[in-house]
Amino acid sequence: VTAASTQTKPDVAIVGVGATTYYRRGQSWPRTTTELACEAILKACADAGLDVKEIDGFAYYSMAGGGYGQSMDTAMFMETLGIPEVTFTATLTSGGGGAAGSIGLARAAIVAGDATVVVTLMSLQQAQSRLGQIFATVPSDPINSFLQPSGLSGPGHLMSVLTRRHMHDYGTRREAFAEIAISERLNASNRETAIKRDPITLDDYFGARMIADPLCLLDFCLETDGAIAVITTSVERAKDLKQPPVPVIAAAHGGNRKWGRAFGWFGMPQHEFASSGHEAVAQHLFRRAGVGPEDIDVALLYDHFSPLVLMQLEDYGFCKKGEGGDFVESGAIRYRGGSIPVNTHGGQLSEAYIIGMTHIKEAVEQMRGTAVNQVEGAELALATGGPAHLPVSGLILGKAL
Amino acid sequence: VSTDPAALRATALPGEGVHITTSPDTERFWEATKEGKLEVPQCSRCGHFRMPPTPYCPECQSDQVTWVEQSGDATVFSFSVVHGFPGLPDITLVPIVVDLPDAAPARLVSNLVDVDPADVFIGMQVRVAFHPIADGNVLPVFTVAGS
């Protein structure tokens with residue numbers, strides 16, 4: 001990495017991360033989402049060496065929702081944990097697309113002087129509603145009436161339509177999606193925290209049940225419960241804390257109208273249709289960071305569905321548009337021997353799905369040098385939010401100071 | 001998984017379980033389908049087509065709309081083959097995204113019905129058909145052109 005001289009001087013850093021156990025869908029009950037959230041917050045505070053009463057800000061994404069139908073509430077957390085006062089509490093709009101960008105929201109609060117110690121959080125429980133079937137159960141509205149009757153009953157069903165177009169336009173093969181699933185499972189195989197640890201083969205992949213052709217079961221992320229909290233503060237304040245601070249090099253969220261509501265709309269021009277929708281955000285992110293994709297040492301790419309990992313590799317410039325299939329099939333994303341290790345934590349396909357937060361947690365651990373599958377000498381980590389209805393987002397963290 | 005060939009032939013969701021709702025912007029679309037017509041909103045000022053119907057033209061911001069009846073011909077831009085739906089484990093659906101040749105860049109998300117999923121391809125020519133759904137509404141779906 002030679003780009004350090006062109007990087008902007010970081011103003012905020014991640015100083016604490018806390019996670020609950022990860023549970024299979026619904027199995028965290030009878031614990032409540034508030035209990036899970038508070039456990040993660042307390043663990044993040046302990047990790048940072050901060051008293052929970054020092055928290056004065058909350059920066060959420062996904063409308064502060066824990067999946068569909070559940071919500072995270074700042075006042076409830078204050079009441080439960082005894083946090084005396086907040087001076088900032090806000091969320092990015094839409095869903096998991098904003099995961100990585102929520103650290104940028106925390107940064108905005110800190111740089112503006114609105115708050116000093118800001119929590120970003122996701123607490124997810126799927127006991128009552130199941131994300132994989134969500135569009136079969138939500139009531140119709142005037143806009144989803146143009147989508148829902150088609151029977152595309154979950155997010156993966158919707159993204160299978162983008163995937164087929166990518167295969168058509170660029171000759172992308174299912175072998176590439178298999179490689180993403182296989183390599184992530186391999187990364188999960190030595191992790192205590194991973195829900196799925198048994199290695200899978202190409203035969204397993206091609207034998208897996210088709211759900212929404214061309215997507216099979218092993219292209220779909222897990223449906224899990226759990227909570228993760230991350231604490232961001234100023235680089236100045238971070239100096240006194242327990243952990244070596246992990247600097248935020250850049251964060252960006254937003255996106256282009258040509259992507260817009262994405263697979264809620266399906267009106268994207270051909271180029272954007274077979275994409276992850278991240279192209280514009282990637283450009284802003286790299287410009288703000290003063291680095292390029294060649295400088296990134298480990299990529300934690302939001303993997304709700306394996307083909308969208310491939311499309312993010314293209315949109316972030318790790319390979320050319322349309323060449324994601326060959327790039328992945330060459331072994332480029334492997335932890336061992338790959339040129340850009342992807343989802344060294346096993347991702348949402350194999351470790352757990354906490355709507356993007358495991359990617360931020362892994363990015364922090366990689367930059368602290370404490371990751372289970374540590375990338376030797378890693379100095380820059382990329383984490384992304386989910387390809388979805390805008391905003392989408394990205395985050396670049398630097399080696400711990 | 002069913003091995004009955006009939007179950008592998010794609011259908012639409014059973015109409016009695018399909019509900020739509022409308023807004024003042026979208027109501028005309030669903031009134032037209034009840035009459036067996038496929039109509040798409042076009043900006044009265046600049047001619048831009050858009051779907052779903054929205055209150056302003058995204059190109060010129062006009063709020064004036066002309067509803068244009070379509071021929072019913074369309075082209076498959078992409079599709080999925082969905083096996084099972086909550087409560088309907090044996091159903092096969094071919095959800096499609098179609099280009100409307102007379103209203104580009106507007107697209108519809110619909111279903112291709114009465115087709116073997118293995119025969120479906122991007123670029124396939126399809127033709128609108130009308131599928132009764134709940135509350136007296138009618139859903140536009142598509143069949144293979146010439147079939």
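Note: hydrogens, waters and symmetry copies are ignored here, and every other heavy atom, side chains too, is used. Quick note on labels: first sequence line is chain A, next is B, and so on, each numbered from 1. Keep in mind it's a predicted model, so treat the numbers as computed, not measured.
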For [X], which atoms come within 4.5 Å of any heavy atom of chain A: side chain, backbone, both, or neither?
X: B/Pro117; answer: neither
X: B/Thr22; answer: backbone
X: B/Phe85; answer: side chain

* Would you call the rings of A/Phe220 and A/His157 parallel, tilted or perpendicular, where under 30° means parallel and over 60° means perpendicular? ->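 Perpendicular, since the angle between the ring planes exceeds 60°.
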
* Where does the angle between the aromatic ring planes of A/Tyr302 and A/Tyr353 fall among parallel (under 30°), tilted (30 to 60°) and perpendicular (over 60°)? ->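 The arrangement is perpendicular - the two ring planes meet at more than 60°.
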
* Between chain B and each of A/Gly151, A/Gly154, A/Pro139, A/Pro269, count heavy-atom pairs under 4.5 Å; write down the option with the most. =>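 Option with the greatest count: A/Gly151.
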
* Top contributor to chain B contacts, counting heavy-atom pairs under 4.5 Å, from A/Met210, A/Gln148, A/Arg164 ->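 Among the listed options, the one with the most contacts to chain B is A/Arg164.
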
* **Minimal non-hydrogen separation, A/Ser275 against A/Leu162, with atom names** =>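 Looking at all heavy atoms of both residues, the closest pair is O-CD1, 4.1 Å.
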
* Criterion side chain to side chain contact (heavy atoms under 4.5 Å, CB included) on A/Met159 and A/Asp219, from CA distance to verdict -> CA-CA 11 Å; A/Met159 281 175 251; A/Asp219 293 309; over 6 Å; no

* Highest number of heavy-atom pairs under 4.5 Å with chain A: which of B/Ser78, B/Pro53, B/Ser23? ->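 Going by pairs under 4.5 Å, I would pick B/Ser78.
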
* **Ring-ring centroid check A/Phe273 B/Phe77, cutoff 6.0 Å** =>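 Yes, the ring centres sit under 6.0 Å apart.
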
